[in-house]
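Just so you know, these numbers use all the heavy atoms, side chains as well, and skip hydrogens, waters and symmetry mates.
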Amino acid sequence: MDFEDISVWSLSFSDLEFVHGYRHQTRIGVAAQLLFFRCNGYFPSTLAEIAQDALDYVCDQTGEPAALAGSYKLAGDIARRHRLQILRFLGFRRAGEGEKAALCEYLSEIARSVGANSAELAEKGYAWALQNKVFIPSRAIMERLTRSALHAFSERLLDEICGRMPVETRLALEASLSDPRGQQGFLRLKEDVGAATLDNVLDAASRLEFVQSLVLPFEVVASIHPSWIKILVRRVEGETAAEMRRHGETKRLGLLAIYVMSRRAQLLDGLVDLLIELVHRIGTKSRRKVVNRIAADIEKVHGKERLLVDIATAAMETPEGKVADVIFPVAGAARLKAIIEEHGAKGTLDTRIQTVMRGSYANHYRRMLPPLLSVLEFRSNNETWRPILEALSLVSRLNEDGRRFAPVAFAPEGSIPAKWRKTVIDERGRLNVISYELCVLTQLRERIRAKEIWIAGSDRYRNPDEDLPGDFAEQRDAYYSGLNLTRDAHSFVRSVRDQLEQELLQLNATLPSNDKVRLRWHGKNRICITPFEPLPEPKGLLALKSEINRRWPMTGLLDTLKETALETGFLDAFETSASREALPQAVRDRRLLLCLYGLGTNAGLKRIAAGVPNISYDELKHVSRRYLDGPSLRAACARVANATLAVRNPLIWGEAGTACASDSTKFGAWDRNLMSEWHARYGGRGVMIYWHVERESTCVYSRLKRCSSSEVASMIEGVLRHCTDMEIQRHYVDSHGQSVVGFAFCYLLGFDLAPRLKAIARQKLAIPFADMRGKLPNLLPILSKPIDWDEIERQYDEMVKYAAAMQTGTADPEAILRRFARSDVMHPTYKALAELGRAIKTIFLCRYLRSEDFRREIHDGLNVVENWNSTNSFVFFGKGGEIASNRIADQELSAHALHLLQASMVYVNTRMLQSVLTEPAWFARLSADGDCRLSPTIHSHINPYGRFDVDLDKRIDFELMAA
């Protein structure tokens with residue numbers, strides 16, 4: 001117990017005098033209630049609410065044995081009388097109507113900065129009551145006062161927002177509600193920007209132009225806690241236009257204004273995504289066309305390939321001869337000249353690609369430029385990229401003038417890269433405006449992706465300085481302490497260097513006796529590792545699965561979801577987005593379970609409603625709109641994961657581990673959106689769900705991602721944001737989940753990255769300094785250049801700042817990693833991260849090559865997540881496993897519902913397996929097999945089909961005994 005806790009739980013002389021006025025049997029209870037009330041502002045319901053070390057400290061002060069504490073009953077009349085005496089001793093009075101009104105008004109005032117969290121607001125209320133010597137008789141009264149305060153502030157906020165809008169803005173918002181499907185209608189504002197097409201760019205720009213034309217009180221929104229925005233935006237998202245129109249004018253317009261202000265940043269993000277995707281698509285399609293044409297030319301020009309062979313043969317036979325004597329007789333001067341002229345006419349590859357890009361852009365995509373430049377405001381904090389911003393202004397002016405050519409002097413210096421000059425500047429030295437626009441857009445795309453250029457008002461493409469902790473300079477010690485890192489850069493570098501040196505020396509010493517690893521001196525593939533020998537299948541495992549099938553045959557998948565909900569209470573995580581809840585809890589729970597099952601199996605709400613009597617599709621749709629969202633589903637998944645971790649029997653599963661594995665699974669999905677992409681490895685369009693699964697098949701985090709987005713960022717995000725009780729210290733990934741910069745960030749964030757590298761044969765080991773090569777004779781074939789420790793030491797503080805941004809959540813890992821793209825090598829922090837990553841990766845490789853047990857541990861960990869992936873198709877069986885929606889929010893709901901449903905199956909299977917294995921005969925049978933590798937993802941006894949009956953009174957009997 002620290003000093004602060006001791007001071008809170010210390011009895012003063014007057015306190016001791018008061019406590020000693022009671023009998024010995026009640027002194028501990030009186031003292032504990034006194035101190036608890038003084039600390040919290042309310043009395044405990046049971047002594048279990050008081051930490052045991054605090055209770056022991058109270059016993060020491062009163063001089064009474066701790067055994068007497070258990071005999072004191074807080075629910076009895078004696079304890080109630082003691083509480084009244086404590087209040088008189090402390091000088092507190094019971095709260096009257098006046099005090100309650102004052103407290104409600106106070107809570108309503110501070111709700112602006114505290115937020116919409118009722119628990120935190122209640123804590124502030126009790127602090128006010130303590131300060132004013134007022135006793136709130138029950139927690140139910142405080143809860144009611146808190147709800148009243150939240151409602152009062154919400155109404156006052158909406159009134160303030162509505163009052164600050166001019167008449168024109170109000171009329172425009174009313175028109176949006178009256179014609180919800182119009183161009184600026186309510187439903188159109190809710191829609192995503194769609195796939196990367198010209199029409200969608202123009203449509204998104206039109207919607208954004210409408211939003212920007214409104215005079216909205218952004219300063220009011222900036223002054224309130226972000227939780228208010230989330231709650232009110234979620235309320236609007238869950239309502240139809242008709243439901244919105246039923247509100248009073250102030251509430252209706254206030255809610256819609258808040259939603260539109262929040263939607264502006266999302267529309268900006270979507271429009272920038274469309275710009276990035278379209279410019280990339282123009283380039284890739286043009287490259288593909290040019291490469292195909294070159295291939296076709298090579299095939300159809302007769303004799304060119306044969307001529308090359310003849311020239312090569314003649315040159316090899318007479319290497320010392322003259323060209324005129326050796327080459328010309330074979331090829332002929334005229335033929336060689338024709339080939340040179342043909343190549344010159346075709347131009348270089350880059351020039352040809354740019355020419356094709358210009359044709360595609362000029363004939364179709366150029367129409368998007370004026371609306372884009374009118375609604376997007378580009379900025380940069382780096383003077384290096386100022387020419388691009390000036391070039392955008394020039395392009396806008398030239399576009400308004402309708403000019404096709406302009407003097408080259410108009411172009412800002414540095415805005416035309418060398419590879420674009422032939423395309424942008426014609427033979428007469430003029431600036432080709434269309435080619436110049438395309439040149440600028442291509443550079444703009446790269447700079448936006450690297451966050452060197454940002455967009456005002458955007459969220460994901462905001463000012464990169466906002467991604468970093470704003471108080472890092474003032475709170476530097478706290479951030480270093482949170483990461484468990486030393487402030488001394490020299491000490492940090494010395495520690496890493498010593499680890500690297502030690503690991504290299506150990507590998508060098510053990511490699512000659514290691515018969516599983518050998519090195520080659522020549523070729524690219526220099527590391528050879530003997531594959532694992534397959535382990536024998538445990539004999540008792542198949543019998544155990546059969547026993548599960550016999551005891552719980554054809555257990556309904558819906559029943560596993562219901563049972564998990566009843567045991568873990570995860571349905572409490574779902575709260576209505578409306579201002580009040582009218583559905584009875586049993587009805588709500590039944591409909592929630594059916595919605596979760598319909599989304600998690602991909603069967604859909606219509607099919608579920610068709611198979612359930614007395615429930616309609618509209619009722620399920622209403623519950624889905626009002627109750628289901630990403631944060632709620634994440635909270636429910638975390639609750640199931642925590643319950644699974646808590647219910648495990650250590651004798652069967654072993655002690656709780658600190659290792660986790662992650663991998664992604666591709667799901668087919670509708671592709672008229674920005675999330676779905678063509679997968680280069682798996683083929684077909686779809687999305688990826690990135691799973692984080694611990695060693696015993698409990699999924700602790702999931703995330704929907706694009707096929708091309710960084711798996712390293714998803715891996716780091718899952719470790720930092722999983723919100724379960726598990727502490728992850730080691731993380732297994734495959735080759736796509738690691739990178740050099742990823743190794744560096746994982747080390748700074750305090751966990752080990754352990755990948756299974758596909759290209760292990762081509763890996764190199766970095767050395768701490770050049771002179772160490774002589775100490776590592778057995779590793780010479782795979783040694784690379786030394787680490788630049790000076791660069792790491794210079795940039796140490798900046799690296800910690802970026803790591804702190806990831807840890808505290810001021811920016812997503814993907815936003816941080818995007819700044820350190822491989823092509824962005826000029827960034828000094830990138831260089832330091834790359835050097836640190838090389839050192840940490842080498843430390844890992846040394847351990848990986850030295851220990852077969854370590855390699856098998858990684859292999860087994862990844863097998864667990866792959867086993868989880870293989871179960872996805874069993875659970876997500878509807879519509880052929882394809883996510884049938886273009887709304888990204890719906891795709892995320894499907895992913896999280898699948899996570900929740902599969903996690904529920906794992907929870908129930910864990911209970912079933914433990915029920916069987918607690919019997920001595922079965923436990924002894926599997927113990928004889930050694931590591932039986934139990935997996936709670938088994939599903940041969942699960943039935944995902946059939947009728948969808950939800951009987952909340954019918955339970956799964958986990959205590960079924962063998963017949």
Side-chain angles (χ1 to χ4, degrees), residues 237-238 240 554-566 568 570-571 573-577 583 585-637 640 665 667-670 687 689 699 702 704 871-908 939 942-952 954:
E237 287 178 340
T240 63
M554 289 296 98
T555 301
L557 183 59
L558 181 55
D559 289 333
T560 66
L561 181 67
K562 176 200 66 179
E563 187 67 30
T564 306
L566 293 174
T568 66
F570 72 71
L571 290 178
F574 301 100
E575 297 180 355
T576 179
S577 61
L583 284 175
Q585 183 176 350
V587 175
R588 183 208 68 170
D589 290 351
R590 185 165 182 255
R591 294 179 184 177
L592 265 175
L593 289 172
L594 290 171
C595 287
L596 293 170
Y597 184 78
L599 294 173
T601 60
N602 206 32
L605 301 186
K606 283 186 178 180
R607 288 177 175 82
I608 297 298
V612 181
N614 304 323
I615 290 183
S616 68
Y617 167 69
D618 290 337
E619 289 172 333
L620 293 184
K621 188 68 176 176
H622 172 80
V623 169
S624 176
R625 284 191 294 108
R626 290 293 193 183
Y627 288 88
L628 300 185
D629 67 332
S632 299
L633 279 163
R634 284 194 187 280
C637 291
V640 174
T665 311
F667 290 81
W670 288 2
V687 296
I689 302 181
C699 184
S702 63
L704 185 76
T871 311
N872 294 159
S873 58
F874 171 78
V875 177
F876 204 70
F877 61 83
K879 303 182 183 72
E882 181 181 61
I883 301 176
S885 176
N886 277 317
R887 290 190 71 239
I888 296 176
D890 290 343
Q891 294 180 351
E892 289 178 342
L893 285 182
S894 295
H896 293 317
L898 168 61
H899 178 180
L900 180 60
L901 185 54
Q902 193 162 327
S904 299
M905 187 183 73
V906 167
Y907 174 83
V908 169
H939 51 265
I942 300 292
N943 177 25
Y945 316 111
R947 300 182 61 184
F948 309 121
D949 294 327
V950 180
D951 186 351
L952 296 176
K954 185 179 180 181

Less than 4.5 Å apart, any side-chain heavy atom of [X] and any of [Y]?
X      : Y      : answer
Asn602 : Phe667 : no
Leu596 : Leu628 : yes
Pro944 : Phe874 : yes
Ser904 : Phe570 : yes

Can you name the residues that form a side chain to side chain contact (heavy atoms under 4.5 Å, CB included) with [X], not counting sequence neighbours?
X      : answer
Ala889 : Arg887
Tyr945 : Phe877, Asn943
Ser894 : Phe876, Ile883
Glu575 : none

task: Kindly determine whether Arg626 and Phe574 satisfy side-chain contact (heavy atoms from CB on, under 4.5 Å), including the steps that lead there.
output: CA-CA 9 Å; Arg626 290 293 193 183; Phe574 301 100; over 6 Å; no

Examine distances only and state if a side-chain atom of [X] and a backbone atom of [Y] form a donor-acceptor pair shorter than 3.5 Å.
X      : Y      : value
Lys562 : Leu557 : no
Ser624 : Leu620 : no
His939 : Thr871 : no

Salt bridge (charged side-chain N to carboxylate O under 4.0 Å, His left out) filter on Arg625, not counting sequence neighbours, yields Glu243

Point to revise | Contacts of type salt bridge (charged side-chain N to carboxylate O under 4.0 Å, His left out), residue Asp629, not counting sequence neighbours | key: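 Result, salt bridge (charged side-chain N to carboxylate O under 4.0 Å, His left out) vs Asp629: Arg234.
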
Just jot down the ring-ring contact (aromatic ring centres under 6.0 Å, His included) partners of [X], sequence neighbours excluded, or say none.
X      : value
Tyr907 : none
His622 : none
His896 : none

How long is the span from the [atom1] atom in [X] to the [atom2] atom in [Y], to the nearest 0.5 Å?
X      : Y      : atom1 : atom2 : result
Leu571 : Arg588 : CG    : CZ    : 6.5 Å
Thr576 : Leu583 : OG1   : CG    : 8.0 Å
Leu704 : Ile888 : CG    : CD1   : 8.0 Å
Asp559 : Asp951 : CG    : CG    : 9.0 Å
Thr564 : Leu900 : OG1   : CG    : 8.0 Å
Thr601 : Arg607 : OG1   : CZ    : 10.0 Å

How far apart are the closest heavy atoms of [X] and [Y], and which atoms are they?
X      : Y      : value
Ala573 : Ala636 : CB-N, 3.9 Å
Val640 : Ala903 : CG1-O, 3.7 Å
Leu893 : Gly630 : CD2-N, 4.1 Å
Val950 : Arg590 : O-NE, 3.4 Å

- Where at least one partner belongs to residues 589-610, residue pairs that pass ring-ring contact (aromatic ring centres under 6.0 Å, His included), sequence neighbours excluded: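 Sorted pair list: Tyr597-Phe948.
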
Residue pair Leu901, Leu599: steps toward the side-chain contact (heavy atoms from CB on, under 4.5 Å) verdict = CA-CA 9 Å; Leu901 185 54; Leu599 294 173; over 6 Å; no

In short, salt bridge (Lys or Arg N to Asp or Glu O under 4.0 Å) pairs touching residues 872-884 with sequence neighbours left out are none

**Item:** Intermediate values then yes/no, side-chain contact (heavy atoms from CB on, under 4.5 Å), Val908 and Ile942
**Value:** CA-CA 11 Å; Val908 169; Ile942 300 292; 5.8 Å; no

Which pairs would a plain distance check flag for residues 608-618, meaning a side-chain donor or acceptor within less than 3.5 Å of a matching protein atom at least two apart in sequence or in another chain?
| from | atom 1 | to | atom 2 | distance (Å) |
| --- | --- | --- | --- | --- |
| Ser616 | OG | Glu619 | N | 3.2 |

